[in-house]
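These notes are about the structure you will find just below.
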Amino acid sequence: MRHLLKLSLFLLLCLLIFLGVHYFSERNGLSFEDVFTNSSTDAKFNYHVEIDEIINNEGLHPIVEEKTEQLIKYSSEEGIEIIITDGYRSIEEQDKLYKQGRQNSEQVVTNAEGGQSYHNYGLAVDYALLNENGEPIWDIHYDGNKNGEPDWFEVADIAKELGFTWGGDWSRFVDYPHLQMTFGYSIRELKQAARNSD
């Protein structure tokens with residue numbers, strides 16, 4: 001009986017912790033992964049970017065654009081050619097992508113509606129590898145530079161060294177092509193700033 005009581009208390013504590021993290025993430029407009037990943041990456045690089053600079057920018061934010069160009073260059077130096085398949089997305093483009101797999105038979109590719117993705121604020125890019133024929137591939141096991149390590153993960157490591165958060169590290173919705181820089185802003189803060197600027 002005592003063991004059952006201890007187990008019940010342990011499970012209750014776990015539930016309370018989970019609910020607390022969920023409440024915190026919802027209140028601050030963060031995904032569950034953001035609670036554990038974004039702050040440490042952003043703190044490491046200590047970028048100070050005003051939110052108005054993000055909201056009033058069309059296309060990729062200049063820092064994200066610069067770091068993306070460095071990613072392409074540094075990956076190439078490792079014998080890995082990549083292509084950026086997506087960057088800034090409008091709200092309309094995001095809504096269309098969200099409907100994919102929900103209103104047709106295609107695969108679901110995002111859980112973010114318009115305004116809920118860092119792509120919508122120019123803070124995210126998606127990448128793919130280029131094979132020996134120069135064709136884009138999404139094979140996470142491909143080892144084109146023949147060093148015994150998957151090229152996809154080598155690129156992700158380079159991106160993280162440049163300050164990106166990688167979607168492949170997420171636990172709830174793993175997104176291997178996705179890289180983002182939040183500059184410490186939650187989606188909720190960005191959406192509110194966008195509303196205020198209208």
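Bear in mind the structure is a predicted one, so any value in this text is a computation, not a measurement.
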Verify side chain to side chain contact (heavy atoms under 4.5 Å, CB included) between T68 and E65, making sure each step is shown before the conclusion. CA-CA 5 Å; T68 301; E65 187 169 17; 5.7 Å; no
Applying side-chain hydrogen bond (donor to acceptor under 3.5 Å, both in side chains), name anything that partners [X], two or more places apart in sequence or on another chain.
X    : answer
Y121 : none
N111 : R102
E93  : S90

[X] and [Y]: which non-hydrogen atoms are nearest, and at how many Å?
X    : Y    : result
A128 : I137 : CB-O, 3.5 Å
E113 : D95  : C-OD1, 3.8 Å
L162 : Y74  : CD2-CE1, 3.7 Å
Y185 : I51  : OH-N, 3.2 Å

Is the number of heavy atoms from other residues, nucleotides or ligands under 6.0 Å of Q107 CD greater than 12? no
Are the side chain of [X] and the backbone of [Y] linked by a donor-acceptor contact shorter than 3.5 Å?
X    : Y    : result
E189 : S186 : yes
S197 : A194 : yes
N56  : D52  : yes
Q94  : A112 : yes
N120 : G122 : no
N133 : E135 : no

The test is side chain to side chain contact (heavy atoms under 4.5 Å, CB included); show your working for L123 and L190 and say whether it passes. CA-CA 11 Å; L123 303 180; L190 292 167; 4.1 Å; yes
Transitively linked via ILVMFWY side-chain contacts under 4.5 Å: Y118 with I91? no
Spatial distance of atom [atom1] ([X]) from atom [atom2] ([Y]) [nearest 0.5 Å]:
X    : Y    : atom1 : atom2 : answer
E149 : H141 : CD    : NE2   : 14.5 Å
T110 : D175 : OG1   : CG    : 7.5 Å
R89  : K96  : CZ    : NZ    : 12.5 Å

Could you tell me how the ring of [X] sits relative to the ring of [Y]: parallel (under 30°), tilted (30 to 60°) or perpendicular (over 60°)?
X    : Y    : result
H178 : W170 : tilted
F153 : Y176 : perpendicular
H61  : F183 : tilted

Which hydrophobic side chains are connected to I83, either touching it within the sub-4.5 Å cutoff or through other members that do?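 Result for I83 is L130.
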My understanding is that a hydrophobic cluster links ILVMFWY residues whose side chain heavy atoms are under 4.5 Å apart, including indirect links. Using that, what else belongs to the cluster containing L97? V109
Does the separation of the ring centres of Y127 and W152 fall below 6.0 angstrom? yes
For residues [X] and [Y], determine if any side-chain heavy atom of one lies less than 4.5 Å from a side-chain heavy atom of the other.
X    : Y    : answer
Q192 : R195 : yes
F164 : Q180 : no
V64  : K67  : no
E58  : Y88  : yes
D86  : P177 : no

Pair E154-N145, side chain to side chain contact (heavy atoms under 4.5 Å, CB included): steps then yes or no: CA-CA 10 Å; E154 289 186 80; N145 65 358; 3.4 Å; yes
If the threshold is 4.0 Å, N to carboxylate O, is there a salt bridge linking K73 and E77? yes
Between D143 and K146, is there a side-chain N and carboxylate O pair less than 4.0 Å apart?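 Salt bridge absent between D143 and K146.
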Starting from the C-alpha separation in whole Å, work towards a yes-or-no answer on side-chain hydrogen bond (donor to acceptor under 3.5 Å, both in side chains) for D126 and H119. CA-CA 9 Å; D126 294 337; H119 283 282; 3.2 Å; yes
Name of the residue among I158, D151, L129 meeting side-chain contact (heavy atoms from CB on, under 4.5 Å) with I82: L129
Please walk me through it: do L71 and V155 pass side chain to side chain contact (heavy atoms under 4.5 Å, CB included)? CA-CA 8 Å; L71 176 65; V155 173; 3.9 Å; yes
Does either side chain, that of E81 or that of S76, offer a donor lying less than 3.5 Å from an acceptor on the other one? yes
Contacts of Y98 that satisfy ring pair (Phe, Tyr, Trp, His ring centres under 6.0 Å) - sequence neighbours left out: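 Residues passing ring pair (Phe, Tyr, Trp, His ring centres under 6.0 Å) with Y98: none at all.
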